[in-house]
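See structure below.
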Amino acid sequence: MRHYTFPLLGREFPVSTPERPEDLAHFIAWLSRQTQPVAVDSETHGLDILSGDPEYVRMVQFGSQEEAWNIPTELGMSFKEAARTALWMLIDGVGITGHNWAAFDAPALHVHLGIPYDDLCKNAVDTMLCSKLVDPRAVQEGGIGSSLKPLSDHYIDPTAADTQGDLTAVFRSLGLTKAVGFSRIDLWHPIYQSYGGGDVLLTARLRPKLENKLRLLGVPQRLVDYEHEVARICGHMQIRGLLLDQDYTRRLADELGEEEATQTAIVRTYGVEKLGSPAQIAEALIGMGESLTERTAGGAVKADKSVLSALADMDLYGNRLHVRTPNPLAVAVIKAKRAGKWKSAYADNFLTSLDRNGRIHPGIRTMQARTGRMSVTNPAVQTLPSGDWKIRRCFLAEPGERIISVDFQAVELRVLAALAGVKRMKEAISLGRDLHSFTAELVFGPDFTPKHRKISKAIGFGVVYGGGAATIQRQTGAPMEEVKRAVAAYHRTYPEVRRAANRWQREAFSNGMVTTSVTGRRLPLDRDRTYAVTNYQVQSAARDCLGQALINMEEAGLLPYLRLPVHDEVIASAPAREADDIGRAIGKCMTFDLFGVPIESDPEVGGRSWGSLYLPDDQRAAHDEWYANAGLAT
DNA sequence: GATGTCACG
DNA sequence: ACGTACGTGACATCA
């Protein structure tokens, strides 16, 4: 047995690490004496816990509020067996506390120890989820933050060691980078052992503080439980991952590389050395006689896609406007940047994220945004280009299966109608009307034009986002007078929208600048951006519609088909014969009533690849394996 | 690390 | 009194 300590609150807390198999009995004896939930953490070789390597975990730590035990499972079978036994004892006993448990440690330990993921989660509380329900903001946004260090500072001891940051410093002193430090640091390095134990001591102490705070703030236990369910469901999707078409992706990466090289060579002939330097691009364009008038927030000359597109005589989708002679530099810069981004952020990123089975496992952060919205990283598959099928084509349904996408229909508008009780909006939805046309008709009369519908749509979004007439004018290009008239008419038609916004702001002022969502979620407002309250309410409630839908899907036995949540959409894979039924079943889980407003969904069944859903029907047979084999051109 | 840009809902 | 477009992740460049 080796003994270490972790300094906290002016004391030295014991950290014990069994060194020989016979030491493990002491650990199990200690564990069986615990009457409170035990914190569990793991140290791994890096962040790729789902790489498919079952030996990716080096050590599993267990801690009470007073004492920590580190079990170095890399030392062999008996150590792994002790960790496995201990986890089962906690699952069937006092329970587990973990920080980022659902998305990191539980998946890692599931792979490492073979314990079913659901069992690891069923008697566990994730302190990261709890902390986001107290305050969803990052430190940079003025919040408490959700990492162990800022939470420990706030709730336990501001002088607590920065276990992650200090360890990184140790790596550097050993000549290691952060990327390899966790893998190569000696198991018995005293800081590694001390801080490994420190993490579970801190987590064990954090849980009662957070649970108490949630009670004091009146956050419903129902919401806490719901978030743990949502995180577990998304954890399953993360573990399963997405199947990548490796051959296609490699070919695509090569093609994009060639396109980037070709276009960059053209850009160079105009004296621009760095494609990513807006300053150089702007300088060259001005040198060609173009006038660039727009400025960025930082005061620099703006040279983004909208500026370049105008010079290239194109709209934002790349269609010719036939208004002027295209500037050849602007054309080449647009093409080169697009190819470069698509290669590095997408194709290359997919290939470097591959696991041993040809799958990628994007990290699903179920409560990342300050509205509770999810985000997806490594790679960011929620943000793949939707105007072109090529990138999404990289992802495949399982062999013999088809890709399914089910999305909510205009969910944010419907949520707004429901939350604010907007009478005429609710009527239009019940009648099955297109809401933007409905608004256009009320505002501009029965002879409204497509242009009027466009303005109405922009106002519909603009109001939810807190925008004003100027922004809508910029968006639509319509005359300012017409936009102002339409905004005024919008508020006359739907007076409840402004009334609800005022009420939410008033309530926030009397509640520490926090507006509470319909599910009881705390949404802190920025003092100088209180107009964002409508968006926070709507975006957050829409996020909870998705979360509830995911829970409905699990209850309906659909979890094995689910692959990815995308804000108002769910991606799934199902055997070709059942795909239509599965799509309808998922759609049913995304259909419910919200304060008298129907929330509805639209299932779509594609072919073998995700990209097939983004192809015109007549191109599907040429570009998608399933459609080609099915002999269906349309 | 800040800034600008570009991809999504 | 007036007006404010919301939420993300990733990459390249530059200080």
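All values below come from the heavy atoms of this structure, side chains included, with hydrogens, waters and symmetry mates left out. Treat the numbers as computed from the prediction; the structure is a model and nothing was measured. Order of the sequence lines sets the chain letters (A, B, ...), proteins ahead of strands, with each chain counted from 1.
Between A:Tyr531 and C:dC6, a side-chain N or O to OP1/OP2 separation shorter than 4.0 Å is present. In terms of phosphate contacts, A:Asn349 brings no side-chain nitrogen or oxygen within less than 4.0 Å of OP1 or OP2 of C:dG9. Between B:dG4 and A:Lys305, no contact under 4.0 Å exists linking OP1 or OP2 to a side-chain N or O. Contact annotation: A:Arg295 does not reach the phosphate of B:dT3 (side-chain N/O to OP1 or OP2, under 4.0 Å). One finds a side-chain N or O of A:Arg365 lying less than 4.0 angstrom from the OP1 or OP2 phosphate oxygen of C:dG9. Considering only side-chain N and O atoms, A:Ser386 lies nowhere under 4.0 angstrom from the phosphate OP1 or OP2 of B:dA7.
Here the nucleotide nearest the side chain of A:Tyr536, chosen from C:dG7, C:dT4, C:dT8, is C:dG7. For A:Thr377, the side-chain atoms get nearest to C:dG9 when compared with the rest of C:dG9, C:dA5, B:dG4. In the set B:dT5, C:dC11, C:dT13, C:dC11 carries the atom at the smallest distance from any side-chain atom of A:Ser344. With B:dG9, B:dA7, B:dT5 as the choices, the nucleotide that has an atom nearest any side-chain atom of A:Thr383 turns out to be B:dA7.
Annotation: side chain of A:Val381 is in contact with side chain of A:Pro362 (closest heavy-atom distance under 4.5 Å).
The residue among A:Gln280 and A:Asn535 whose nearest nucleotide of DNA chain C lies closer to the 5′ end is A:Asn535.
With a 6.0 Å cutoff to the six-membered ring centre and a 45° limit on the axis angle, A:Arg338 counts as a cation-pi contact of A:Trp342.
Side-chain atoms of A:Thr530 never come within 3.5 Å of backbone atoms of A:Arg527 as a donor-acceptor pair (strictly under, hydrogens ignored).
Between the CE atom of A:Met367 and the C1' atom of C:dG7 there is a distance of 14 Å, given to the nearest Å. Summarising the geometry, the separation between CH2 on A:Trp342 and C1' on B:dT5 is reported as 16 Å, rounded to the nearest angstrom.
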